[in-house]
Amino acid sequence: MKSNNLLHAFETNWFSLLISLVIVGLLFFLAKKRVNFGYRVLLALGLGLVAGIVFNTFKFDATSVSTIGSIYVNLIKMLVMPLVAVLVVSSITSISNLGHLRKIGAKTIGLFLATTGIAALIGLLVALAMDPGSGIDQAVPKDYKARAIPTFSQVILDLVPSNPIGDMAAGKVVPVLIFAIFIGIAIVHVGSKKPDAVKPVRAFIDSFAQIMHQVTKYIIRLTPYGVYALIGAMAAKYGAETLMPLIKLIIATYVALLLHFIIVFGGLVTFAARVNPIRFFRKAYPTIAVAFTTRSSYATLPVNLEVITKRLHVSPRIASFVAPLGATMNMNGCGGIWPAIVAIFVARVFNLPLGLSEYILIVLVSMISSIGVAGVPGPASISTTVVLTALGLPLEGLGLVLAIDAIVDMGRTAVNATGTTVCSLLVAQSEGEFDRDAFNRDEDDQLELDMA
């Protein structure tokens, strides 16, 4: 006789379910009391970490917690495709001058590549200084299989939309984004000659954009509960015995990420945008928290759009152009810092010497390979594989860092998403579409999220 799945799930997960119900109830109570959204997310992160450590220490099944986190991630991913399509079209149609559009695009992509190159340089210097591969004597996991490197032709073909609806269903953001750009440009072009012909389409796009913004608010209100579940499941899964041999690599990665955060992002915000960096990072906190816990630039996109427009007071047309593009191309953490650190790590572990020319190659290849990295958990491995291959380093070395990939991916994604936020501010500042007075008023949370 087959056991009842529901009864079995309850019997094996009763403790984690009980703890989760208590924590979710507490977070709901704080929401009803209108406690600031950012504070609730921070509390949820801390509670998830503590609960996960307890589950791991006493070997309690945390599958139920992981399921709650997956539900949250799926809901927020649900928004990505329609949101990207409508916001990119809306952004382009709001820019009547196509020359202006080209200028914004060039600034955006230039910033993405420049910051990724700097990130790779920081990762390289930190790895050389901390030498995270010293003392490592660990066999390559037997089940490790190197990720296939797509050819250049395949990369180009994957970027070009062939069936926009099919691309949406397959979760391919770049082809959808390109299709939306074509639609937006066509609307501007036809509208310049026959305004009445595109008026119904413009009205539909504006209406649909407002509806998607409202749906986004519904889902983002669930963030504290999702953050608790994601961090709790992560802490429950990885025990200290898995992490100890690679703790130096984890520390080196987070040191590099923190340096990039403070020096590059802080410097750009302070000297290029001329705003208070502490105020900026406080306002950008919801983006950082969601990116850190979901490990997905795409899943963070709806939150980031709200933060950029409502908290940083960047114009919607700049935000809705830069943010979706950044979710695909702006990979300072995954495509810059991580491949550089892993390259030095692998060379040290396998006792392979690297010189100045290899160091320069690390930075250049990291910049180029970061462009095609998808904004979902895990594919930083592709970018890292490209760098290792370019240097002639053994791909088996990537298998050594698999155990900590999820842990460092949280920090990598937080840096990725914050980089997009910074670039949005810089582009808006250069185009005169940043409301500095509203930013400096330091008003409280305007995301309409201080509720259950």
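Residue numbers start at 1 and run along the sequence shown. The figures here come from the full heavy-atom set of this structure, side chains too, leaving out hydrogens, waters and symmetry mates.
For the pair I165 and F179, the minimum side-chain heavy-atom distance is 4.5 Å or more. At a threshold of 4.5 Å between non-hydrogen side-chain atoms, the residues N330 and N416 do not count as touching. Counting only heavy atoms from C-beta outward, the side chains of I187 and I205 approach each other to under 4.5 Å. For the pair D409 and C334, the minimum side-chain heavy-atom distance is below 4.5 Å. Between H313 and D437 there is no side-chain heavy-atom pair separated by less than 4.5 Å. Under the 4.5 Å side-chain criterion, counting only non-hydrogen atoms from C-beta, V41 is in contact with Y285. With a 4.5 Å cut-off on side-chain heavy atoms, V227 and F292 do not count as touching. Looking only at side-chain heavy atoms (C-beta outward), T287 and R311 stay at 4.5 Å or farther from each other.
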Evaluate the side-chain contact (heavy atoms from CB on, under 4.5 Å) criterion for residues V160 and I178: first the C-alpha distance (whole Å), next the side-chain angles of each, then the deciding distance (0.1 Å), finally the verdict.
CA-CA 7 Å; V160 180; I178 291 174; 5.7 Å; no
Walk me through it: do W338 and L257 pass the test side-chain contact (heavy atoms from CB on, under 4.5 Å)?
CA-CA 9 Å; W338 180 242; L257 292 169; over 6 Å; no
Would L47 and L26 count as a side-chain contact (heavy atoms from CB on, under 4.5 Å) here? Give the steps.
CA-CA 11 Å; L47 291 173; L26 172 63; 4.1 Å; yes
With side-chain contact (heavy atoms from CB on, under 4.5 Å) as the test, would you mind laying out the steps for F280 and V422 before giving the verdict?
CA-CA 9 Å; F280 169 83; V422 171; 3.6 Å; yes
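Proximity of a side-chain donor or acceptor of S207 to a complementary backbone N or O of F204 within less than 3.5 Å is not detected. Looking at Y72, its side chain never comes within 3.5 Å of a backbone N or O of L222 through a donor-acceptor pair. Proximity of a side-chain donor or acceptor of T270 to a complementary backbone N or O of G267 within less than 3.5 Å is not detected. Between the side chain of N440 and the backbone N or O of R436, at least one donor-acceptor pair lies under 3.5 Å. A donor-acceptor contact shorter than 3.5 Å links the side chain of K248 to the backbone of M130.
The six-membered or imidazole ring of F439 lies near that of F434, with a centre-to-centre distance under 6.0 Å. Taking the six-membered ring for Trp and the full ring otherwise, the centers of F261 and F281 sit less than 6.0 Å from each other.
Annotation: the span from I308 atom CD1 to I318 atom CD1 amounts to 11.0 Å, rounded to 0.5 Å. Taken to the nearest 0.5 Å, the CD1 atom of I337 stands 6.0 Å off from the CD1 atom of I122. Separating the CG atom in L111 from the OG1 atom in T116 is a distance of 10.5 Å, to the nearest 0.5 Å. Residue C423 holds its SG atom at 7.0 Å from CG of N332, rounded to the nearest 0.5 Å. Residue L312 holds its CG atom at 11.5 Å from CG of D435, rounded to the nearest 0.5 Å. S297 OG to R412 CZ: the interatomic distance, rounded to the nearest 0.5 Å, is 10.5 Å.
Pairing each heavy atom of V126 with each of A252, the nearest pair is CG1-O, 3.4 Å. Contact detail for A340 and A120: the closest heavy-atom pair is CB-O, 3.4 Å. Residue A229 comes nearest to G69 through the heavy atom pair CB-N, 3.4 Å, listed as atom of the first residue, atom of the second, then distance. Taking both residues in full, the closest heavy atoms of A343 and I362 are given as CB-CD1, 3.9 Å, listed atom of the first, atom of the second, then distance. Closest non-hydrogen pair, S320 versus L305, comes out as CA-CD2, 4.0 Å. Closest heavy-atom contact between V24 and Y225: O-CE2, 3.7 Å.
Counting non-hydrogen atoms of other residues, nucleotides and ligands closer than 6.0 Å to CD1 of I251 gives a total above 12.
Judged purely by distance below 3.5 Å, without hydrogens or angles, the side chains of T293 and Y228 never pair a donor atom with an acceptor atom.
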